[in-house]
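Below is one structure, written out as structure tokens; comments come after it.
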Amino acid sequence: MTATLENLLAEGVEGRKILVRSDLNVPLKDGKVTDDGRIRASLPVLEKLAAAGARVIVTAHLGRPKGQPDPQYSLAPVAARMAELTNVAVAQAADLTGDSAKASAAELQNGQILLLENVRFDPRETSKDDADRAELAGELAALTAGNGAFVNDAFGAVHRRHASVADIAEKLPAYQGDLVAAELEVLKTLTENPARPYTVVLGGSKVSDKIAVIENLIPKADTVIIGGGMVFTLAKAIMKYPIGKSLVENDLLEDPSVTGLMELAQKHGTTLMFPTDIVMASEFAADADHEVRPVEDLENGSYGAEAMGLDIGPASAEAFAEEIRRSKTVFWNGPMGVFEMEAFSGGTRVVAQALAESEAFTVVGGGDSAAAVRALGFDESSFGHISTGGGASLEYLEGKSLPGIEALGA
Ligand code: ADP
Ligand code: MG
């Protein structure tokens with residue numbers, strides 16, 4: 001059994017240095033945090049440990065620095081915001097495992113938090129070489145001096161075989177944080193025992209990002225609904241429809257995973273729903289002229305073969321909403337159209353509304369889908385769960401094993 005945070009607290013943490021891997025990868029602008037959602041989400045575990053008398057050492061990444069210190073990716077603004085959000089004392093080290101980190105860890109008192117500098121400033125964090133990662137993991141573990149422990153609370157990073165995510169669990173007794181536990185429970189429900197009917201709604205921009213999820217969920221779902229920019233590659237590959245200048249991934253048109261989708265659905269008795277109408281625009285612009293066209297006749301409208309599909313049409317949105325309304329479990333990942341532009345946000349809005357009003361267990365996954373829910377003004381509490389870890393959730397739903405989870409033990 002995987003050890004949990006509760007198990008660790010029951011063992012007692014007073015005076016012990018506990019290393020926590022958190023997901024603090026927040027957007028920054030002009031040195032300020034613009035969305036502190038991940039900091040707020042990470043605080044409960046840190047505060048629980050601090051309240052129990054632990055000396056809490058936090059490691060996290062921010063952005064994609066190139067394996068060396070880069071001031072624009074410093075966690076300093078995150079430490080500042082964290083200090084504003086909690087009553088616990090928050091210190092920050094100027095490096096990861098160097099002199100500053102060692103001195104700060106040694107000075108740390110019971111009930112205090114120390115945030116180490118961006119773990120990706122060290123090239124060993126993401127190294128493909130096992131020995132490199134093990135070495136960094138050893139240095140991180142050494143900061144906890146003797147009777148330490150490791151808590152992984154960074155669900156958004158568990159699909160990475162990185163030193164602070166996976167290798168560290170070889171160096172310290174390892175525990176599952178509450179955020180990781182909550183995400184896994186939801187994902188297990190979606191893949192193992194969903195209440196039925198179970199509908200999966202997949203949209204977004206690229207088929208290549210989502211095809212493995214579609215393939216893995218077709219056998220598990222009762223209905224799989226496809227919207228967003230993905231529609232056009234599939235419409236061209238499977239139905240041979242002309243699609244104008246709509247988004248297309250040409251290298252997938254002959255790909256068996258794409259051309260075989262209908263058969264896969266048939267084999268499992270799963271209903272595959274495509275849009276029947278599409279909002280076609282004259283160009284990719286917020287103020288572009290646009291009109292609704294039947295999906296099988298996209299190039300015969302006002303803009304001919306120059307037309308671009310930027311949203312599902314109203315009839316499709318209503319049909320999708322109807323299917324969602326009769327479901328007991330709904331997983332939604334990927335906007336139905338270019339929701340960032342008002343004229344092309346209708347499909348996403350109707351689908352989000354149906355989820356929000358549903359009594360079913362509803363899960364929203366994916367960074368842009370969660371952003372769409374907020375941007376369109378929905379109350380986050382109207383959804384059963386909004387997943388924080390985009391890539392990690394999708395890899396789980398693809399059926400892949402996650403190194404950060406494996407490392408915590410089955
Ligand atoms: P998520 O982050 O939720 O997994 P994706 O990253 O796959 O979602 O896709 C989100 C993006 O897809 C949005 O920026 C949206 O504008 C874009 N998109 C949706 N429909 C279309 C379309 N028809 N044409 C071009 N882009 C689209
Ligand atoms: Mg995205």
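Here the structure is a predicted model, which is why all the values come from computation and not from measurement. As the structure lists them, so they are numbered: ligands from 1, and atoms in each ligand from 1.
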How about [X] and [Y]: does a side-chain donor come under 3.5 Å of a side-chain acceptor?
X: Thr59; Y: Ser164; value: no
X: Thr199; Y: Ser327; value: yes
X: Glu323; Y: Thr223; value: yes
X: Glu249; Y: Thr233; value: no
X: Glu215; Y: Ser257; value: no

query = Number of protein N/O/S atoms less than 2.8 Å from the Mg ion (ligand 2)?
reply =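 That number is 1, waters not included.
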
message = Looking at ligand 1, is there an atom of it that comes within less than 4.0 Å of some heavy atom belonging to Lys210?
response =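 Within the 4.0 Å threshold, so yes.
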
Among all protein non-hydrogen atoms, which one is nearest to [atom], and what is the separation to 0.1 Å?
atom: atom 21 (C) of ligand 1; answer: Gly229 N, 3.4 Å
atom: atom 17 (C) of ligand 1; answer: Ser205 CB, 4.0 Å
atom: atom 19 (C) of ligand 1; answer: Gly337 O, 3.2 Å

Ligand 1 to [X] polar contact by distance, N or O atoms, under 3.5 Å:
X: Asp311; answer: no
X: Phe339; answer: no
X: Met336; answer: no
X: Ser369; answer: yes
X: Glu340; answer: yes

Would you call [X] and [Y] a salt bridge, using N to O less than 4.0 angstrom?
X: Glu11; Y: Arg16; result: yes
X: Glu318; Y: Arg325; result: yes
X: Arg120; Y: Glu125; result: no
X: Glu299; Y: Arg293; result: no
X: Arg124; Y: Glu135; result: yes

Show which atoms of ligand 1 fall inside a sub-4.0 Å distance from at least one heavy-atom site of [X].
X: Asp368; result: 1 (P), 2 (O), 3 (O), 5 (P), 6 (O), 8 (O), 10 (C)
X: Gly228; result: 20 (N), 23 (N)
X: Asn333; result: 4 (O)
X: Gly309; result: 22 (C), 23 (N), 24 (N)

ask   = Would His290 and Phe344 count as a ring-ring contact (aromatic ring centres under 6.0 Å, His included) if you check the C-alpha gap in whole Å, the side-chain angles of each, and the deciding distance to 0.1 Å?
value = CA-CA 9 Å; His290 51 88; Phe344 310 109; 5.3 Å; yes

request  = Report yes or no: does Asn118 contribute a side-chain atom to a donor-acceptor pair with the main-chain N or O of Tyr73 at less than 3.5 Å?
outcome  =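 Yes, the answer is positive, given that a donor and an acceptor are paired below the 3.5 Å cut-off.
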
ask   = Between atom CG of Asp36 and atom CG of Leu85, what is the distance when rounded to the nearest 0.5 Å?
value =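 Asp36 CG to Leu85 CG: 5.5 Å, rounded to 0.5 Å.
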
message = Could you work out, for atom 27 (C) of ligand 1, the closest of Leu202, Val207, Val338, Leu394 by heavy-atom distance?
response =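 Residue with the shortest heavy-atom distance to the ligand atom: Val338.
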
inquiry  = Side chain, backbone, both or neither: which applies to Phe232 and ligand 1 if a contact is any heavy-atom pair less than 4.0 Å apart?
reply    =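 Side chain only; the backbone of Phe232 stays clear of ligand 1.
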
